[in-house]
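Quick notes on the structure that follows.
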Amino acid sequence: MTQIINLRTARKQTARAKGRTLADANAAKHGRSKAERSLQDARTAKARAELDAHKREPQA
């Protein structure tokens with residue numbers, strides 16, 4: 001005997017799967033991973049700190 005399938009939920013599931021694959025493709029094409037973003041933020045902060053360390057104090 002076959003399973004009874006609700007067509008509305010089946011349609012929603014296929015739409016979700018299609019959207020998920022499209023989102024994954026866009027993330028792979030355009031996005032960066034969380035590790036890459038945090039690494040870039042850390043490098044930026046380090047460069048800013050090194051630049052600030054070389055500042056000269058104004059003479060009063």
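Note that the structure is a prediction, hence the values are computed from the model and not measured.
- Residues passing the salt bridge (charged side-chain N to carboxylate O under 4.0 Å, His left out) test with Asp41, sequence neighbours excluded: none.
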Listed pairs under 3.5 Å, donor-acceptor, residues 22-29 side chains, sequence neighbours left out:
none

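- Taking the salt bridge (charged side-chain N to carboxylate O under 4.0 Å, His left out) definition, one finds that Lys34 meets it with nothing, sequence neighbours left out.
- Put simply, the side chain of Glu36 gets close to the backbone of Ser33: a donor and an acceptor are under 3.5 Å apart.
- Evaluation of the salt bridge (charged side-chain N to carboxylate O under 4.0 Å, His left out) test over residues 42-52, restricted to residues two or more places apart or in two chains, returns Lys46-Glu50, Asp52-Lys55.
- Of the inter-residue distances, the one linking Leu7 atom CG with Lys12 atom NZ reads 12.5 Å to the nearest 0.5 angstrom.
- Within the model, atoms CG of Leu39 and CZ of Arg32 stand 9.5 Å from one another, a figure rounded to the nearest 0.5 Å.
- Legend: residues meeting salt bridge (charged side-chain N to carboxylate O under 4.0 Å, His left out) with Lys18, ordered by chain and number and at least two apart, are absent.
- Scanning for salt bridge (charged side-chain N to carboxylate O under 4.0 Å, His left out) contacts around Glu57 gives an empty result, with sequence neighbours left out.
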